[in-house]
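Just so it is clear, the model here is predicted, and its values are computed rather than measured. In the text below, chain A, chain B and the rest are named by the order of the sequence lines, each starting its count at 1.
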There are 2 protein chains.
Amino acid sequence: MQEKALELLKLYRLRNTAMRRQVLELFLKAGHKALSSSNLESALEKTDRITLYRTLKTFERNGIIHQAIDGSGVTKYALCHGQCSEHDHMDDHPHFHCKDCGKTICLEGKIQNNVKVPKGFIVQQKHFILEGTCSDCSN
Amino acid sequence: MQEKALELLKLYRLRNTAMRRQVLELFLKAGHKALSSSNLESALEKTDRITLYRTLKTFERNGIIHQAIDGSGVTKYALCHGQCSEHDHMDDHPHFHCKDCGKTICLEGKIQNNVKVPKGFIVQQKHFILEGTCSDCSN
DNA sequence: TTTATAAATGCAACAATGTTGCAAAAATAT
DNA sequence: ATATTTTTGCAACATTGTTGCATTTATAAA
């Protein structure tokens with residue numbers, strides 16, 4: 001994990017700082033699970049909220065993480081597994097949000113739609129959210 | 001509009017208060033456009049944020065309005081045009097969110113997906129968000 | 001119409017999330 | 001080893017949302 005984190009920072013030409021290393025390791029550990037700022041905060045030893053927010057923005061700008069829109073109101077991020085870039089986040093996969101524990105995970109699958117967008121509207125991104133109860137909470 | 005608002009309050013057995021009347025009129029006027037708490041606040045003459053939040057919750061509970069999930073982080077509501085109830089919000093229509101002006105509107109259309117949800121996960125609701133630029137902002 | 005009662009309001013107080021400016025510290029380049 | 005560029009950490013602030021409680025208001029009952 002540590003090595004992978006360092007690799008990524010190097011790859012994206014980002015300075016190797018304690019915060020970035022730790023946050024990146026947490027995302028690598030989380031896999032397909034999305035993490036909120038407060039999730040990360042409680043997992044970090046030394047926490048400065050502001051630096052954390054900036055770290056997340058930096059990672060997002062570089063296409064390392066993407067926002068996992070789940071309708072919960074809190075911003076969550078997950079590792080980009082596909083090919084994301086600064087200008088194009090290819091996170092067109094669906095997200096599942098558990099209403100009970102608040103957990104959000106990235107899923108796979110394709111979405112088809114026949115939505116008619118009004119004249120003059122330009123669609124740039126699509127988000128598909130499945131909401132319900134996860135396996136941990138459904139028992 | 002005024003009459004329609006009063007009708008609705010009567011229909012749902014909700015007390016006829018100034019706040020409720022005004023908020024309902026704003027939603028009726030907005031049609032398929034979703035409104036945030038702050039949108040409403042600036043449109044109201046006399047504003048108490050807390051009462052407004054409670055009014056929105058009440059309307060939502062009664063199936064008069066539904067949350068329009070748009071990934072913007074702010075909670076927005078739009079009139080239920082279909083048949084929503086306290087326990088079942090049938091707002092399975094997509095929402096369009098304009099990244100430039102922040103506007104959100106309800107659209108129509110069906111969504112098909114082949115998403116494989118992990119074992120034990122129960123899907124209760126689905127949300128489909130189209131994000132981009134609206135006609136007002138695309139000029 | 002007046003009174004009783006049930007519900008809604010408005011206030012204080014608080015919590016969570018997020019942003020900006022700026023000086024100090026740290027990471028890289030020279 | 002030093003210079004330069006970034007990043008950090010702090011204060012200060014803004015927005016969004018919630019809860020408890022006394023007061024006021026809307027409706028139901030007498």
Taking Asp70(A) for the side chain and Ser72(A) for the main chain, is one N or O donor matched with an acceptor at less than 3.5 Å?
yes
Go through the steps for Ile65(A) and Val23(A) under the test side chain to side chain contact (heavy atoms under 4.5 Å, CB included), then give the verdict.
CA-CA 11 Å; Ile65(A) 58 176; Val23(A) 171; over 6 Å; no
Show me the protein contacts with nucleotides 26-30 of chain C, counting only N or O atoms at under 3.5 Å.
unit_1	atom_1	unit_2	atom_2	d
dA27(C)	N3	Arg15(A)	NH1	3.0
dT28(C)	OP1	Asn16(A)	N	2.9

Under 3.5 Å donor-acceptor, Ser42(B) side chain and Ser38(B) backbone:
yes
Leu44(A) CG to dT8(D) P, straight-line distance once rounded to whole Å:
12 Å
Nucleotide by nucleotide, nucleotides 16-21 of chain D touches protein heavy atoms under 4.0 Å in the pattern (B base, S sugar-phosphate only, - none) BBBBB-
With sequence neighbours left out, what residues match Arg49(B) under side chain to side chain donor-acceptor pair (under 3.5 Å)?
none
Take the protein atom CG of Asp48(A) and the nucleotide atom C1' of dA12(D), then report the distance between them rounded to whole Å.
14 Å
Per the side chain to side chain contact (heavy atoms under 4.5 Å, CB included) rule, which among Cys98(A), Cys137(A), Ser138(A) passes with Ile122(B)?
Ser138(A)
Between CG of Leu24(A) and CE of Met19(A), what distance do you get to the nearest 0.5 Å?
12.5 Å
Of the non-hydrogen atoms in Lys76(A) and Lys103(A), which two are nearest, and what is the gap between them?
NZ-C, 4.4 Å
Are the ring centres of Phe96(A) and Phe121(B) closer than 6.0 Å?
yes
Between dA7(C) atom C1' and Met19(B) atom CE, what is the distance in whole Å?
15 Å
Whole angstrom value for the distance that separates C1' of dT27(D) from CZ of Arg20(B)
12 Å
